[in-house]
Amino acid sequence: MSIQDNLNEIKQQIKDIADNCNRNSEDVNLIAVSKRQEINNIKQALSTGHLKFGENQIQEAGLKWLELKKDYNNVTLHMIGHLQSNKVKEAVALFDVIETLDSEKLAKALAKEQIKQDKELEYFIQVNTGEEDQKYGIKVKELDDFLSFCQNEQKLNITGLMSIPPESDLSSYHFALLSKLAKRCKLDRISMGMSGDFEQAILFGSTNIRLGTSIFGKRDKV
Ligand SMILES: *Cc1c(COP(=O)(O)O)cnc(C)c1O
């Protein structure tokens, strides 16, 4: 099947799943994860009119999207990988949404850079729902303080929460937790669900599913 066919099929699936759980399918945004995909594959997705894409690596994203965004200037680009605070200049210039806000240092750097570039992005806080030591993300018990720091002190436009469940766990536990936290924080958007578990994620209230493999097929190894 072509990338165009995959996208059409997935969009139909999203509609069906949303219908089944009484949600409006327009509240479920499909982020096409184009990391480590060839430009031609990305262009095929763009040719269908799809406008929401995700990348996890700033340098690679720049190489591909600085050019592509010239021709497709209404694309919304989501950063879904860890962002180092010394890369905020490139990140603010290139991305529209950063889903991986995960430290005070990064929040401060982004707030400063936004003023410099006179550009306001949308942010999700990445939550380490698995409490894994080696994973990025804010710990659940530190979320309220971090949110308040970002909103009140740094004036960042925080619209949602994001999580990447540990591979060894049942994702539904993490989806339920992230959903509950978003409600408690009064944030509308919830980024969770990948190719293998997006149906569950939609059932648990996801508003941003991040799909790579199911749209583009297997990608190059790192
Ligand atoms: C790569 C990636 C995805 C997409 O994963 P697939 O299994 O290919 O759908 C989603 N989210 C994040 C954070 C990723 O890094």
Side-chain angles (χ1 to χ4, degrees), residues 29 31-37 42 52-69 75-140 142-143 145-167 174 178 181-182 185 187 189-194 206-212 219-220 222:
N29 294 288
I31 313 303
V33 177
S34 50
K35 66 183 184 197
R36 307 204 301 280
Q37 295 289 345
I42 301 175
K52 296 180 182 118
F53 289 84
E55 290 281 347
N56 73 337
Q57 221 265 341
I58 186 93
Q59 194 184 358
E60 181 200 336
L63 285 173
K64 294 187 299 196
W65 285 99
L66 285 174
E67 272 306 305
L68 285 170
K69 269 194 159 186
V75 159
T76 308
L77 202 56
H78 293 237
M79 177 58 169
I80 61 167
H82 177 62
L83 179 60
Q84 287 173 303
S85 25
N86 61 357
K87 301 275 171 62
V88 293
K89 188 172 168 196
E90 293 87 343
V92 169
L94 184 64
F95 287 97
D96 304 281
V97 184
I98 290 175
E99 297 198 3
T100 46
L101 188 56
D102 64 358
S103 74
E104 292 200 352
K105 187 177 172 202
L106 179 61
K108 271 189 202 165
L110 286 164
K112 232 172 140 178
E113 188 61 32
Q114 284 201 146
I115 295 169
K116 258 195 208 158
Q117 297 191 25
D118 192 21
K119 184 180 174 195
E120 211 187 330
L121 276 63
E122 189 184 323
Y123 297 94
F124 288 55
I125 293 172
Q126 182 174 356
V127 185
N128 186 352
T129 53
E131 307 283 338
E132 294 171 286
D133 287 341
Q134 76 282 14
K135 267 259 179 79
Y136 295 112
I138 298 294
K139 293 206 177 83
V140 172
E142 291 163 6
L143 177 59
D145 284 347
F146 183 68
L147 175 64
S148 157
F149 173 80
C150 294
Q151 289 179 321
N152 303 329
E153 292 183 41
Q154 301 302 320
K155 312 289 179 205
L156 293 176
N157 179 25
I158 312 287
T159 58
L161 301 180
M162 179 269 205
S163 152
I164 308 170
E167 272 175 41
H174 298 272
L178 196 68
L181 292 171
C185 294
L187 295 171
R189 299 196 174 273
I190 310 172
S191 175
M192 56 189 192
M194 308 184 2
S206 177
T207 66
N208 285 40
I209 55 173
R210 312 178 304 259
L211 308 190
R219 58 191 157 250
D220 291 342
V222 190

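What you are looking at is a predicted structure, and each value in this text was computed from that prediction instead of being measured.
For Lys155 (side chain) and Ala111 (main-chain N/O), no donor-acceptor pair under 3.5 Å exists by modelled atom type. Judged by distance alone, the side chain of Arg210 and the main-chain N or O of Ser191 form a donor-acceptor pair under 3.5 Å. Although no hydrogens or angles enter the test, the distance criterion places a donor-acceptor pair under 3.5 Å between the side chain of Gln117 and the main chain of Lys89. For Ser103 (side chain) and Leu106 (main-chain N/O), a donor-acceptor pair under 3.5 Å exists by modelled atom type. Lys139 contributes no side-chain N or O that, together with a main-chain N or O of Glu132, makes up a donor-acceptor pair within less than 3.5 Å. Between the Thr129 side chain and the His174 main chain, no donor and acceptor come within less than 3.5 Å of each other. Without hydrogens or angle criteria, Ser85 side chain to Ala109 main chain gives no donor-acceptor distance under 3.5 Å. Asp96 places a side-chain N or O within donor-acceptor distance of the main-chain N or O of Leu77, the cut-off being under 3.5 Å. Put simply, the side chain of Glu90 never gets that close to the backbone of Gln59: no donor and acceptor are under 3.5 Å apart. Gln114 places a side-chain N or O within donor-acceptor distance of the main-chain N or O of Leu121, the cut-off being under 3.5 Å.
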>> Apply salt bridge (Lys or Arg N to Asp or Glu O under 4.0 Å) to residues Lys108 and Glu153 and explain how you reach the verdict.
In response: CA-CA 9 Å; Lys108 271 189 202 165; Glu153 292 183 41; over 6 Å; no
> Should Val127 and Met162 be marked as a side chain to side chain contact (heavy atoms under 4.5 Å, CB included) after you check the CA-CA gap, both sets of side-chain angles, and the distance that decides it?
Replying inline: CA-CA 6 Å; Val127 185; Met162 179 269 205; over 6 Å; no
> Taking it one step at a time, do Phe95 and Ile58 satisfy side chain to side chain contact (heavy atoms under 4.5 Å, CB included)?
Replying inline: CA-CA 9 Å; Phe95 287 97; Ile58 186 93; 3.7 Å; yes
>> With side chain to side chain contact (heavy atoms under 4.5 Å, CB included) as the criterion, how do Arg189 and Glu122 come out once you've worked through the C-alpha distance, each side chain's angles and the decisive distance to 0.1 Å?
In response: CA-CA 11 Å; Arg189 299 196 174 273; Glu122 189 184 323; 3.6 Å; yes
> Do Gln151 and Leu187 pass the side chain to side chain contact (heavy atoms under 4.5 Å, CB included) test, and can you show the C-alpha distance, the side-chain angles, and the key distance before you say yes or no?
Replying inline: CA-CA 12 Å; Gln151 289 179 321; Leu187 295 171; 4.2 Å; yes
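Heavy atoms of other residues, nucleotides or ligands lying less than 6.0 angstrom from NZ of Lys119 number more than 12. Within 6.0 Å of the CD atom in Glu67, the count of heavy atoms belonging to other residues, nucleotides or ligands does not exceed 12.
Atom CG of Leu178 and atom CD1 of Ile164 lie 11.0 Å apart (nearest 0.5 Å). How far CD of Glu55 is from CD of Glu60: 5.0 Å, rounded to the nearest 0.5 Å. Taking NE2 of His78 as the start and CG of Asn208 as the end, the distance is 6.0 Å to the nearest 0.5 Å. Here NZ of Lys87 is found 13.0 Å from CG of Leu110. Values are rounded to the nearest 0.5 Å.
Looking only at atom types and distance, the side chain of Gln126 has no donor-acceptor partner in the side chain of Ser163 under 3.5 Å away. Side-chain contact, Lys52 with Asn29: a donor N or O sits under 3.5 Å from an acceptor N or O.
With a 4.5 Å cut-off on side-chain heavy atoms, Asn56 and Met79 do not count as touching. In this structure the side chain of Asp145 never reaches within 4.5 angstrom of the side chain of Leu143, judged on heavy atoms. With contacts defined as side-chain heavy-atom distances shorter than 4.5 Å, the pair Leu211/Ile31 does not qualify. For the pair Val97/Phe124, a side-chain contact is recorded, criterion being any heavy-atom separation below 4.5 Å from C-beta on. Between Ile138 and Leu147, the closest side-chain pair of non-hydrogen atoms is not below 4.5 Å. Taking 4.5 Å as the limit, every side-chain heavy atom of Tyr123 sits out of range of all side-chain heavy atoms of Thr100.
Across all their heavy atoms, Ile42 and Gln37 have their closest contact at CD1-O, 4.0 Å. Nearest heavy-atom pair, Ser206 versus Ile190, reported as atom, atom and distance to 0.1 Å: OG-O, 3.4 Å. Among all heavy-atom pairs drawn from Glu113 and Val92, the shortest one is CG-CG2, 3.7 Å. Leu101 and Cys150 make their closest contact through CD2-SG, 3.9 Å (heavy atoms, listed as atom of the first residue, atom of the second, distance).
Aromatic ring centroids of Trp65 and Phe53 lie under 6.0 Å apart.
Between Tyr136 and His82, the ring planes are parallel. Angles under 30° get that label, and only those over 60° would be called perpendicular.
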